[in-house]
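Okay, structure first, notes after.
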Amino acid sequence: MELSAWISLAAICLMGAMTPGPSLIIVLKHTVSGGRFNGFLTSIAHGIGVAMYALLTVIGLAVIIESTPWLFNLIKYAGVLLLLWLAYKALTSKSSFAEMITQETKVSKRQSFREGLLIAFLNPKLAIFFLALFSQFVDAQAGWEQNVILVATVSGIDTLWYCLTALLLSQSAILTKLRSNVHIVEKVTGMALLAVAARIAF
């Protein structure tokens with residue numbers, strides 16, 4: 001793979017990761033609820049979900065989805081249902097600052113990992129990204145080394161970006177501020193997830 005092509009791919013992946021969306025909301029939620037480690041777990045799981053998409057695209061999923069619209073719709077509406085469920089949990093949360101002092105009681109490590117993975121794999125924006133952009137870098141004649149580089153690039157950039165986000169959000173001053181307003185964070189998170197779900201659905 002030529003260096004110029006790799007730089008183009010890396011730039012596209014970075015811009016995609018930096019675009020605010022449901023993934024950022026979930027990383028924020030788990031960092032505030034569980035602390036830095038939970039935020040890292042969510043970020044790493046999200047990167048694994050992205051890697052799965054990249055791997056499937058490399059082995060031909062993009063062609064299958066493009067020729068089978070119902071499969072894309074299945075991914076799309078499963079993602080909408082996940083967003084609605086997460087929005088419901090956020091809007092009905094009874095969190096308080098006192099509860100947030102004990103970090104591990106609010107959200108488990110397993111939950112952080114699971115939601116990070118699901119929000120990546122069931123995000124139709126990611127499906128569109130891999131169909132429209134990432135697939136352009138896939139060469140059917142390429143060897144396994146180039147395919148490994150492709151998958152590692154897109155998942156690595158995604159993971160590093162959200163880990164950096166979790167790291168910044170978990171700075172003591174920022175985290176204390178967020179936790180002291182946790183009821184507002186939860187409601188804003190819920191409304192944002194509802195808005196994203198509506199936009200995807202309609």
Side-chain angles (χ1 to χ4, degrees), residues 1-28 30-31 36-79 82-83 109-170 196 200:
M1 187 177 193
E2 293 183 2
L3 180 60
S4 58
W6 182 85
I7 291 173
S8 297
L9 173 63
I12 289 170
C13 293
L14 183 59
M15 287 188 289
M18 291 173 68
T19 303
S23 301
L24 177 61
I25 297 169
I26 295 304
V27 171
L28 167 64
H30 284 274
T31 302
R36 180 178 297 174
F37 189 69
N38 285 70
F40 284 164
L41 275 179
T42 306
S43 304
I44 292 167
H46 191 276
I48 292 172
V50 168
M52 290 166 62
Y53 255 126
L55 183 60
L56 290 171
T57 302
V58 164
I59 64 177
L61 180 70
V63 176
I64 296 171
I65 290 180
E66 198 166 15
S67 60
T68 316
W70 65 265
L71 182 57
F72 175 75
N73 286 330
L74 181 64
I75 295 170
K76 173 181 173 179
Y77 289 111
L82 174 64
L83 291 172
K109 294 177 178 65
R110 180 179 296 180
Q111 184 181 348
S112 293
F113 188 88
R114 183 178 65 244
E115 291 189 9
L117 184 66
L118 287 175
I119 204 67
F121 200 70
L122 296 179
N123 186 350
K125 281 178 62 180
L126 274 178
I128 293 170
F129 168 79
F130 283 102
L131 278 170
L133 295 174
F134 183 77
S135 59
Q136 305 304 312
F137 294 89
V138 176
D139 183 356
Q141 308 304 318
W144 66 268
E145 298 95 338
Q146 180 167 323
N147 290 334
V148 167
I149 291 172
L150 287 172
V151 174
T153 297
V154 68
S155 62
I157 288 174
D158 182 89
T159 302
L160 288 173
W161 171 254
Y162 284 115
C163 281
L164 177 61
T165 301
L167 179 64
L168 292 175
L169 290 172
S170 63
V196 173
I200 291 171

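For residues 114-123, the pairs satisfying salt bridge (charged side-chain N to carboxylate O under 4.0 Å, His left out) are Lys29-Glu115, Lys89-Glu115, with sequence neighbours left out.
A distance of 12.5 Å separates CZ of Phe37 from OG of Ser170, quoted to the nearest 0.5 Å. Within the model, atoms CD1 of Ile26 and OG of Ser43 stand 11.5 Å from one another, a figure rounded to the nearest 0.5 Å. Between the CG atom of Leu41 and the OG atom of Ser112 there is a distance of 6.0 Å, given to the nearest 0.5 Å. Once rounded to the nearest 0.5 Å, the distance linking OG1 of Thr42 with NZ of Lys109 reads 11.5 Å.
In this view, Thr153 and Trp6 satisfy the side-chain hydrogen bond (donor to acceptor under 3.5 Å, both in side chains) rule, not counting sequence neighbours. Listed by chain and residue number, Ile44, Met52, Phe113, Leu117 satisfy the side-chain contact (heavy atoms from CB on, under 4.5 Å) test with Ile48 (two or more places apart in sequence, or in another chain). Qualifying side-chain hydrogen bond (donor to acceptor under 3.5 Å, both in side chains) partners for Ser23, counting only residues two or more places apart in sequence or in other chains: His46.
Here the closest non-hydrogen pair linking Thr159 and Gly47 is OG1-CA, 3.1 Å. Heavy atoms only, all atoms of each residue included: Gly49 and Ala120 are closest at CA-CB, 4.0 Å.
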Which atom pairs, one a donor and one an acceptor, fall under 3.5 Å between side chains of residues 160-169 and the rest of the protein, sequence neighbours left out?
| from | atom 1 | to | atom 2 | distance (Å) |
| --- | --- | --- | --- | --- |
| Trp161 | NE1 | Ala17 | O | 3.3 |
| Tyr162 | OH | Ala17 | O | 3.2 |
| Thr165 | OG1 | Trp161 | O | 2.9 |

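Taking 4.5 Å as the limit, some side-chain heavy atom of Leu150 sits within range of a side-chain heavy atom of Leu9.
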